[in-house]
Chemist: 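Quick one: the structure is below, questions incoming.
These numbers come from a predicted model, not from an experiment. Order of the sequence lines fixes the chain letters, A, B, ..., with proteins taken first and strands second; residue numbering starts at 1 for each chain.
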Amino acid sequence: MRRILELVRKELIQTFRDKRMVGLIFVAPVIQLIMLGYAVTTDVKHIALGVWDNDRSFESREFVRKAVISGYFDDAGVVVNDAGMEHAFKSGRCDLVLYFPPDYSRNIKRGEKAKLEIIADGSDSNLTNIAFSYMAQIANIENARLMKENVSKMKAARGGNIMIPQVSPEPRVMYNPEMKSANYMIPGEIGLILTLITILLTSMSITKEKESGTIEQIIVSPLRSYEVILGKTIPFALIGMMIVLLIITGGLLVFNIAIKGNIFTLLFSSFLFLLNTLGVGLFISTISKTQQQAMLSSVIFILPSIMISGFAFPVSNMPIEVQWISYLLPLRYFFTIIRGIFLKGAGFAILWPEMLALFILGVTVFILAALRFRKKLS
Amino acid sequence: MQMSVQVNNLVKRFGSFPAVDDISFSVAKGEIFGFIGPNGAGKSTTIRMLCGILDQTSGVGTVEGFSIKTEPEKIKSVIGYMSQKFSLYDDLTVEENINFYGGIHGLSRDETKTRRSWILEMAGLRGKESNMTGALSGGWRQRLSLGCAIIHGPKVVFLDEPTAGVDPISRREFWLLIRGLAKAGTTIFVTTHYMDEVEFCDRIAMIYRGKIVAMGTSAELKTANKVDNLEMLFVNLIRGME
């Protein structure tokens, strides 16, 4: 224990002594926080659509069918009631829910205004805006159809009193009612920065010892492999947790975004996520001889994993093969978790499948790396 | 005589290249054993195998009775190792380096404190405790590196070219330190490519291309080969192999 502590202390002293490194670790997140707060706009397809149909009519099913064949929406399975909808949003299975009130088809048949609700998750303000405008277009198409149908009826009635019905979608936002994109981007930034900093720091601190030869002194010491591994990962886990707190504080002070869920659930999930990044960092250090190699390998791993895990571009928008790959990326689960906790107040009851995935992936990659990490020179 | 290090038919191949080619020798307790040879002769490879940093290809070896093949972790608790590069953390202070090495060798805080003051005295670094190690000159780095390597009072010390790149006065002081350690009963296994340092060793082995070409005390080697200069002997032996 004392030996591990000594390693941890040494690592922290070295990290904080390098002033440029401290800048990189703690200033970079703040700069990114501000940049990403003023976000990225992207094109959206395959929005996950849930249906809450209290009318169960031909007309309601017709509207859903139109939405799905437009290509912009995917049917995510039926949502039956209020509680089911909340769960679907918090677990990230739905982006949007269509609610048909019991009188939807009756109003159409009577030629009146038929209201339906479009309820959006809202965390991703960009996606929500686009989804609303798509839905408005689909309603327009439906109205055009109703118009055509009733015009022929009118002709048949020869000027009789025929009312033309109209569907009228009413948008509603569940979370993030102000529709700030920062609300979506800033929790994501926790995942982004944790990935970058912890993978880089871990892999580079070990390869640095290889370069300077000090690794030999560690090998000839009575330190066990597991002690070296813990001594080389605990410091960066601590720094990772400090970054999480920094971003939470920054998000609150700069963008006035408070966490809706439990902060300890967030920290616990961050820890599960860190198992993954530290394991990857450790693994990279076993295949790299120099710091440059470690840095390059890290970037090669980090870049695609940020691109396809749903940081800026919705995963549902990607080709199916890429979506399969994204199931292997811890970042994908972590994004769902932090956005769920931050914006929707989700907890263990809803997010446990993602947490379990993080735990399993993390333990696997950590063990693989530890097995490769032999206390020998090759 | 009790043996501290014993090696029989040790071989290390990197691919098909034999870095260490079937060598055998033994080192007695408290002896200073010098491994002399040019760069690339196999000196460091031998030391690394003895310290458990590198696996051997074949052959057997023991250090303080522990097998290098099956008990490397036991060996690590009784040896000290100082590598060619004077493995110190340049971005730590003198004191932080000492504390770190004390810590990873399992010394308590009090023990580290006692040893620290001994090392500072021995290396002449008193008053420089909070200097950055990277800014120290060669002789100081070398002695601090030695201090860190023996902070836990090991029975055998392996020194890999400890005097390379150090000025003559520092080299001399260093050898006096080493002799003092040996006198106190520590076994010293040292490699060098400076022929004049042979005189500080109790016994030497000349190694070239992975093979031991001559072994014995300085006097024995001179009389047996009828030379009064070991450098000449080494050159002649190598010429014979070409």
Chemist: For B:Thr112, is it the side chain, the backbone, both or neither that has a heavy atom under 4.5 Å from a heavy atom of chain A?
Modeler: side chain
Chemist: Test B:Glu73 against A:Arg224 for side-chain contact (heavy atoms from CB on, under 4.5 Å), laying out the working first.
Modeler: CA-CA 8 Å; B:Glu73 294 306 318; A:Arg224 302 274 165 176; 3.9 Å; yes
Chemist: Got more than 12 heavy atoms from elsewhere within 6.0 Å of CZ, B:Arg13?
Modeler: no
Chemist: Just checking heavy atoms, which of residues 97-106 of chain B are less than 4.5 Å from chain A?
Modeler: B:Asn99, B:Phe100, B:Tyr101, B:Gly103, B:Ile104, B:His105, B:Gly106
Chemist: Which residue out of A:Arg9, A:Glu227, A:Glu209 racks up the most heavy-atom pairs below 4.5 Å with chain B?
Modeler: A:Glu209
Chemist: Might you confirm whether atom CH2 of B:Trp140 has over 12 heavy atoms from other residues, nucleotides or ligands at distances under 6.0 Å?
Modeler: no
Chemist: Count the heavy atoms belonging to other residues, nucleotides or ligands that lie under 6.0 Å from CZ of A:Phe359, then report whether that count exceeds 12.
Modeler: no
Chemist: Give me the atom names and distance for the closest heavy-atom approach of B:Leu92 to A:Lys10.
Modeler: CD1-CG, 3.6 Å
Chemist: Determine whether more than 12 heavy atoms belonging to other residues, nucleotides or ligands lie under 6.0 Å from atom CZ of B:Arg179.
Modeler: yes
Chemist: What closest approach, in Å, do A:Gly213 and B:Ser87 show between heavy atoms, and which atom pair accounts for it?
Modeler: O-OG, 3.1 Å
Chemist: How many angstroms lie between atom NZ of B:Lys85 and atom CD of A:Gln217, to the nearest 0.5 angstrom?
Modeler: 11.5 Å
Chemist: Quick one: which of B:Ile75, B:Ile53, B:Ile47 gives a side-chain contact (heavy atoms from CB on, under 4.5 Å) with A:Val220?
Modeler: B:Ile53
Chemist: So for B:Leu107, is it side chain, backbone, both, or neither that comes closer than 4.5 Å to the heavy atoms of chain A?
Modeler: backbone
Chemist: Between the main-chain N or O of A:Ile219 and the side-chain N or O of B:Lys76, is there a donor-acceptor pair closer than 3.5 Å?
Modeler: yes
Chemist: Check this for me: A:Met307, atom CE, are more than 12 non-hydrogen atoms of other residues, nucleotides or ligands nearer than 6.0 Å?
Modeler: no
Chemist: Name, in order of residue number, those residues of residues 148-160 of chain B that have a heavy atom at a distance of less than 4.5 Å from a heavy atom in chain A; otherwise write 'none'.
Modeler: none
Chemist: Does a sphere of radius 6.0 Å around CZ in A:Phe271 hold more than 12 heavy atoms from other residues, nucleotides or ligands, not counting ones at 6.0 Å or beyond?
Modeler: no
Chemist: Could you tell me which non-hydrogen atom of B:Ser77 sits nearest to which non-hydrogen atom of A:Pro222, and how far apart they are?
Modeler: CA-CG, 4.5 Å
Chemist: OG of B:Ser83 to CD of A:Glu216: how many Å apart, nearest 0.5 Å?
Modeler: 5.0 Å
